[in-house]
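Please read through the structure below; I'll follow up with questions.
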There are 2 protein chains.
Amino acid sequence: MATQTAAQKRAQAKAQYDAFLAACPSRQLLDRISNKWVTLILCALGGDGGSMRYSELSRQLAGVSQKMLTQTLRSLERDGLITRTVTPTVPVTVCYELTELGLSLRQMMRGVKSWAEIHMDDVLDNRASYDTGTA
Amino acid sequence: MATQTAAQKRAQAKAQYDAFLAACPSRQLLDRISNKWVTLILCALGGDGGSMRYSELSRQLAGVSQKMLTQTLRSLERDGLITRTVTPTVPVTVCYELTELGLSLRQMMRGVKSWAEIHMDDVLDNRASYDTGTA
DNA sequence: CAGAATCCTTCACGATACTG
DNA sequence: CAGTATCGTGAAGGATTCTG
């Protein structure tokens, strides 16, 4: 059977992909996930119950357009980082949730988001120094 | 003296910034660092001796244009994540190195880059399933 | 070697309007 | 509520040329 194909492939994967190479698929993947909205969506999901509706996400990610939100969610769903669940109520209810895979990436993303918040003032100071020529 | 201004501000910073808010400076910072080239540059620096020349970076980050490389390096320098050292040899020698601040972010970035490489096949499988409609 | 400056294309993204 | 579809623009980013 081929039920372990993915596992087998993954066993070799660790040495196979290299994002430093332009043609490597992992370069494109890195490009997709190195994105403001991806970071924020992954951080938002798993916040409380681990499941959020479209409108909740829209509210939490202040300033995101429907287009960007939908587009990013689709991309994440396609890559298997989140699941989309439609409940046929009236009106319809859609919930997004992290998969195991998405959860594993969320750890890093939380780190990146926190880094930005924690070191904001350091960066601001550095910019001020750089701009005024202060060594 | 104002030598501890930065430290004082940082003491409050942890609760002050929130990247979920559109107007928060940390949102812009998150946008800047959530970037393919930023990730790759930070990963490249600190690789060996911790210092790299412009041409070395250019070679390592396959496919990067001079414009993007220079632009990203300037941005990182301005934010205090890397230092730029010019040695007036003939021809001139320029070395880039991570600062403490840059080093702290590099940890996350290495994680993100590794994640992309390690989970590439998982993502590829998920995409195939999504595209063919295979549940 | 390590850029700066210019031009030019494309596409990311927002705004708007419509649907089940 | 949770989208899809269309349009328009501004800016990101590549290619090219020039310089200390």
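Residue numbers begin at 1 in each chain, while the letters A, B, ... track the order of the sequences.
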*May I ask you to check if K113(A) and F20(B) form a cation-pi contact, with NZ or CZ under 6.0 angstrom from the six-membered ring centre and within 45° of the axis?*
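Because its charged atom sits under 6.0 Å from the ring centre and within 45° of the axis, K113(A) does stack over F20(B).
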*Grab the CD-C1' distance between Q60(A) and dA2(D) for me, whole Å please.*
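Checked: the CD to C1' distance equals 18 Å.
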*Tell me: CG of L69(A) to P of dC13(C), nearest whole Å?*
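It is 13 Å, rounded to the nearest whole Å.
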*Answer yes or no: is there a donor N or O on one side and an acceptor on the other, between the side chain of N126(A) and the main chain of D122(A), under 3.5 Å?*
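Side chain of N126(A) to backbone of D122(A): a pair is present.
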*Identify the two heavy atoms, one from C95(A) and one from R53(A), that lie closest to each other, and give their separation to 0.1 Å.*
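The answer is SG-CG, 3.8 Å.
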*asked:* Without decimals, in angstroms, what is the distance between L73(A) CG and dG3(D) C1'?
replied: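 Result: 11 Å.
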*Can any side-chain N or O of S26(A) pair as donor or acceptor with the backbone N or O of A116(B) at less than 3.5 Å?*
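Answer holds: no.
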*asked:* Output the rounded distance in Å from CG (D31(B)) to P (dA11(D)).
replied: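 The answer, rounded to whole Å, is 14 Å.
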_dA2(D), OP1 or OP2 - any side-chain N/O from S55(A) closer than 4.0 Å?_
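For dA2(D), OP1/OP2 do have a side-chain N/O of S55(A) under 4.0 Å.
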Identify each atom pair where a protein N or O and an N or O of nucleotides 13-20 of chain D are less than 3.5 Å apart, giving names and distance.
| from | atom 1 | to | atom 2 | distance (Å) |
| --- | --- | --- | --- | --- |
| dG13(D) | N7 | K67(B) | NZ | 2.9 |
| dG13(D) | O6 | K67(B) | NZ | 3.4 |
| dG14(D) | OP2 | S65(B) | OG | 2.8 |
| dG14(D) | O6 | K67(B) | NZ | 2.7 |

*Under 4.0 Å between a side-chain N/O of R84(B) and OP1 or OP2 of dA2(C), yes or no?*
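Checking R84(B) against dA2(C): no side-chain N or O falls below 4.0 Å of OP1 or OP2.
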*asked:* I want to check one thing: is the phosphate of dC1(D), taken as OP1 and OP2, less than 4.0 Å away from some side-chain N or O of Y96(A)?
replied: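 Looking at the OP1 and OP2 atoms of dC1(D), neither is under 4.0 Å from any side-chain N or O of Y96(A).
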*Can you tell me the distance, in whole Å, between the CZ atom of R32(A) and the C1' atom of dA12(C)?*
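Spelled out: CZ on R32(A) to C1' on dA12(C) is 12 Å.
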*Between R53(A) and dA2(D), does any side-chain N or O lie under 4.0 Å from OP1 or OP2?*
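Affirmative; the distance criterion is met.
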*Does the pair Y54(B) and T70(B) meet the rule for a side-chain hydrogen bond (donor to acceptor under 3.5 Å, both in side chains), with working shown?*
CA-CA 9 Å; Y54(B) 182 88; T70(B) 300; 3.0 Å; yes
*Between CG on residue L40(A) and CG on residue L30(B), distance to nearest 0.5 Å*: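 Going from the CG atom of L40(A) to the CG atom of L30(B) covers 5.5 Å.
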*Round to the nearest Å and state the distance from M52(A) atom CE to dC1(D) atom P.*
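To the nearest whole Å, that distance equals 14 Å.
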*Would you find a donor on one side and an acceptor on the other, under 3.5 Å apart, between the side chain of R27(A) and the backbone of A19(A)?*
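Answer holds: yes.
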*For dA4(C), does either OP1 or OP2 sit under 4.0 Å from a side-chain N or O belonging to Y54(B)?*
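Answer no for this pair, as no side-chain N or O of Y54(B) is under 4.0 Å from OP1 or OP2.
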